[in-house]
Amino acid sequence: MDIEVKFSIYEKMLREWNSRMNLVAPSTLADVRIRHIDDSLQLAEYIPMNTHVIDLGSGAGFPAVVLAILGYNVTCIESISKKCAFLNALKSELNLPNLTIINDRIENFVKTMRCGKSVVFTARAFASLEKIFDMTGRVGAPYALLKGENIDAEITTAREKYKFEDRLHPSKTGPGFIFLSGPVKLI
């Protein structure tokens, strides 16, 4: 099954499951391709293919499942069981052996995690930079995050507690940004 077919199936399953549980805002279902899939696809430009992606608060699978469809090795960390059920259904239906779903809190997962050179944290519509760094900063991995319009304020707040080098790239699909950073250090 080719990539475009997988994206079509993903969109169909998202619509079906969203009618039973809140995976994405109903107002965004009118344009799933641009609002969710294409938005997530932007990260592929910044993450080397041999990188292990650890997606935080995966929810409906953005950007995790999109990156797995492209061939990345992806681990989804999601604490809500019913969202994990959706992710597991996607994994099965789309035949994604490179997608691992962990039903746990991020704080628990990272306690035993060791960072390798080819690990990156991703997230979309999840939490503030400071909160993400609080949960994962000890690992020493870089970040590739899809962030909203208030990213400047998030960076300012995070810099009160953490030292990091970052780059921002405007989103091609909306008013947000792609936030890239190396590992963070507590000040």
Side-chain angles (χ1 to χ4, degrees), residues 2-4 6-7 10-11 24 28 31-78 87 90 94 96 98-102 106 109-110 113-159 162-185:
D2 80 2
I3 288 172
E4 287 305 319
K6 287 184 179 187
F7 286 147
Y10 187 0
E11 184 175 342
V24 297
T28 67
D31 197 3
V32 170
R33 180 60 195 237
I34 291 172
R35 288 288 304 264
H36 300 293
I37 295 172
D38 289 351
D39 190 47
S40 297
L41 278 169
Q42 294 180 92
L43 289 183
E45 185 177 334
Y46 303 102
I47 302 173
M49 185 54 81
N50 63 346
T51 303
H52 184 121
V53 173
I54 308 223
D55 191 55
L56 309 170
S58 298
F62 300 111
V65 174
V66 172
L67 295 173
I69 289 170
L70 293 180
Y72 287 88
N73 184 14
V74 179
T75 299
C76 295
I77 312 300
E78 175 56 57
L87 294 169
L90 283 172
L94 300 175
L96 296 172
N98 55 322
L99 181 66
T100 302
I101 294 99
I102 307 288
I106 293 161
F109 176 79
V110 299
M113 185 182 162
R114 294 177 195 225
C115 181
K117 288 183 190 175
S118 60
V119 172
V120 66
F121 285 117
T122 62
R124 179 175 182 262
F126 173 62
S128 70
L129 283 179
E130 181 182 18
K131 185 170 180 169
I132 289 171
F133 295 166
D134 287 347
M135 289 186 280
T136 61
R138 64 161 289 286
V139 175
Y143 299 86
L145 309 172
L146 293 158
K147 299 299 289 175
E149 295 176 84
N150 295 327
I151 187 62
D152 288 335
E154 287 188 40
I155 290 170
T156 299
T157 300
R159 285 199 192 286
Y162 293 96
K163 181 179 178 181
F164 55 93
E165 298 292 326
D166 66 275
R167 292 187 326 253
L168 281 180
H169 299 276
S171 171
K172 296 174 185 171
T173 63
F177 293 89
I178 297 162
F179 171 88
L180 304 173
S181 174
V184 301
K185 294 193 186 298

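Keep in mind that what you see is a predicted model, and the values were worked out from it rather than measured. Quick note: numbers below take in every heavy atom, side chains included, and nothing from hydrogens, waters or symmetry partners. For this chain, numbers begin at 1 and follow the sequence in order.
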(message) Please check: side-chain N/O of Ser128 versus main-chain N/O of Lys131, any donor-acceptor pairing under 3.5 Å?
(response)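 Yes, the answer is positive, given that a donor and an acceptor are paired below the 3.5 Å cut-off.
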
(message) Test your reading of the model: is there a side-chain donor-acceptor pair from Glu130 to the backbone of Thr157, 3.5 Å cut-off?
(response)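 No: the side chain of Glu130 does not pair with the backbone of Thr157.
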
Who are the ring pair (Phe, Tyr, Trp, His ring centres under 6.0 Å) partners of [X], not counting sequence neighbours?
X      : result
Tyr143 : Phe121, Phe133
Phe109 : none
Tyr10  : Phe62

How long is the gap from [atom1] on [X] to [atom2] on [Y], to the nearest 0.5 Å?
X      : Y      : atom1 : atom2 : value
Asp38  : Ser171 : CG    : OG    : 10.0 Å
Thr173 : Ile37  : OG1   : CD1   : 12.0 Å
Ile101 : Leu90  : CD1   : CG    : 8.0 Å
Phe126 : Leu145 : CZ    : CG    : 10.0 Å
Leu99  : Cys76  : CG    : SG    : 4.5 Å
Ser58  : Ile106 : OG    : CD1   : 8.0 Å

For [X] and [Y], which heavy atoms make the closest approach, and how far apart are they?
X      : Y      : result
Asp166 : Ile155 : OD2-CD1, 3.9 Å
Ala68  : Val74  : N-CG2, 3.8 Å
Pro63  : Leu43  : CG-CD1, 3.6 Å
Ala144 : Val120 : N-CG2, 3.8 Å
Ile132 : Ala123 : CD1-CB, 4.3 Å
Gly61  : Leu87  : CA-CD2, 3.6 Å

(request) Using the test side chain to side chain contact (heavy atoms under 4.5 Å, CB included), find all partners of Arg138 that sit at least two apart in sequence or belong to another chain. (result)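 So Arg138 forms a side chain to side chain contact (heavy atoms under 4.5 Å, CB included) with Val110.
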
(request) Determine, stepwise, if the pair Leu56 / Met135 fulfils side-chain contact (heavy atoms from CB on, under 4.5 Å). (result) CA-CA 10 Å; Leu56 309 170; Met135 289 186 280; 5.9 Å; no

(message) For a 4.5 angstrom cut-off between non-hydrogen side-chain atoms, does Phe7 reach Leu41?
(response)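 Touching, per the 4.5 Å side-chain cut-off.
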
(message) Are the side chains of Ile69 and Val65 in contact, using a 4.5 Å heavy-atom criterion?
(response)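 Counting from C-beta outward, Val65 and Ile69 do come under 4.5 Å.
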
Would you please name every residue forming a salt bridge (charged side-chain N to carboxylate O under 4.0 Å, His left out) with [X], sequence neighbours left out?
X      : result
Lys163 : none
Asp31  : none
Glu149 : none

(message) Check whether Phe164 forms a cation-pi arrangement with Arg159 (NZ or CZ under 6.0 Å from the six-membered ring centre, at most 45° off the ring normal).
(response)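 Checked: cation-pi criterion met.
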
(request) Start with the C-alpha distance between Leu168 and Ile178, add both sets of side-chain angles, then the distance that settles side-chain contact (heavy atoms from CB on, under 4.5 Å), and finish with yes or no. (result) CA-CA 6 Å; Leu168 281 180; Ile178 297 162; over 6 Å; no

Check side-chain hydrogen bond (donor to acceptor under 3.5 Å, both in side chains) between [X] and all other residues, then give those that pass, not counting sequence neighbours.
X      : value
Ser181 : none
Glu154 : Lys147
Glu4   : Arg33

(request) For residues 40-69, pull every pair meeting salt bridge (charged side-chain N to carboxylate O under 4.0 Å, His left out), keeping only residues two or more places apart or in separate chains. (result)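 Applying salt bridge (charged side-chain N to carboxylate O under 4.0 Å, His left out) to every pair that reaches into residues 40-69, excluding sequence neighbours, yields Glu45-Lys172.
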
Exercise answer: donor-acceptor pairs, residues 46-54 side-chain atoms, under 3.5 Å, sequence neighbours excluded:
unit_1 : atom_1 : unit_2 : atom_2 : d
Thr51  : OG1    : Pro48  : O      : 2.9
His52  : ND1    : Asn73  : ND2    : 3.2
His52  : NE2    : Thr75  : OG1    : 2.8

(message) I need the single residue from Gln42, His36, Arg35 that forms a side-chain hydrogen bond (donor to acceptor under 3.5 Å, both in side chains) with Asp39. Which is it?
(response)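 Of Gln42, His36, Arg35, side-chain hydrogen bond (donor to acceptor under 3.5 Å, both in side chains) with Asp39 is met by Gln42 alone.
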
